[in-house]
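Worksheet: one structure, shown below.
No hydrogens, no waters, no symmetry mates; every other heavy atom, side chains included, goes into these values. Atoms within a ligand are numbered from 1 in the order they appear, just like the ligands themselves.
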Amino acid sequence: MVPEKIQKAFNEQIMHETFSAWLYLSMAAWLESEGLEGMGQWMRVQTQEELTHAMKFYNHILERGGSMELLAIEKPPAKWDSPLAAFEAALEHERFITGKINELMSLSIKENDFASKTMLQWFVDEQVEEEDNATRNVQNLGMIGGRGQGMLMLDREMGQRTFVYPLAVASPSSGGE
Ligand code: FEO
């Protein structure tokens, strides 16, 4: 059984991860409307990753006999002042998510819920990568200054990103984690 407080907090985290997907999908649409197809593709892949994060919490709750209470997802912004502003907002959002994961880890320790603690360690590690990627995007855009040949090259490079479904998010019925 999953402790009541953990179940409630994980349900909220499903909402945060799904909002992340919604935010990045909105950024993808805006970037593509600005002619930055590659950056849009990068955000599309990020959207898919965020949905797998939400599913990892969802699967964990169901696997432990918990109940699901999906929450409303807030409307994300639809435009930003510049591509740099969009990627800065993405970095700020990832820092917010890291804070949420740390809060969940503290709660799992307080509740002596070792199954959650093990699962959350994956997210602690993942957030290091998430913040690193988001920081690199901001730095690259900052160096280029949002214009010229460099922008074209960065857009092409970011467009190479593809989505790989993580095995660690397989559903309980598929025999995965
Ligand atoms: Fe699921 Fe980007 O944090």
**M153 CE: over 12 foreign heavy atoms closer than 6.0 Å** = no
**Message:** Can you list everything that forms a side-chain hydrogen bond (donor to acceptor under 3.5 Å, both in side chains) with D125? Sequence neighbours excluded, please.
**Reply:** Q121
**Exceeds 12 heavy-atom contacts within 6.0 angstrom, atom CH2 of W80** = yes
**Item:** Modelled atom types, side-chain donor and acceptor of Q41 and E37, under 3.5 Å
**Value:** no
**Item:** N, O or S atoms of the protein lying under 2.8 Å from atom 2 (Fe) of ligand 1
**Value:** E50 OE2, E94 OE1, E94 OE2, E130 OE2
**Item:** Set of salt bridge (charged side-chain N to carboxylate O under 4.0 Å, His left out) partners for E34, sequence neighbours left out
**Value:** none
Under 3.5 Å donor-acceptor pairs involving side-chain atoms of residues 87-100, not counting sequence neighbours:
unit_1: H93; atom_1: NE2; unit_2: S20; atom_2: OG; d: 2.8
unit_1: E94; atom_1: OE1; unit_2: Q127; atom_2: NE2; d: 3.1
unit_1: E94; atom_1: OE2; unit_2: Y24; atom_2: OH; d: 2.6
unit_1: T98; atom_1: OG1; unit_2: E94; atom_2: O; d: 3.0
unit_1: T98; atom_1: OG1; unit_2: Q127; atom_2: NE2; d: 3.0
unit_1: T98; atom_1: OG1; unit_2: E131; atom_2: OE2; d: 2.7

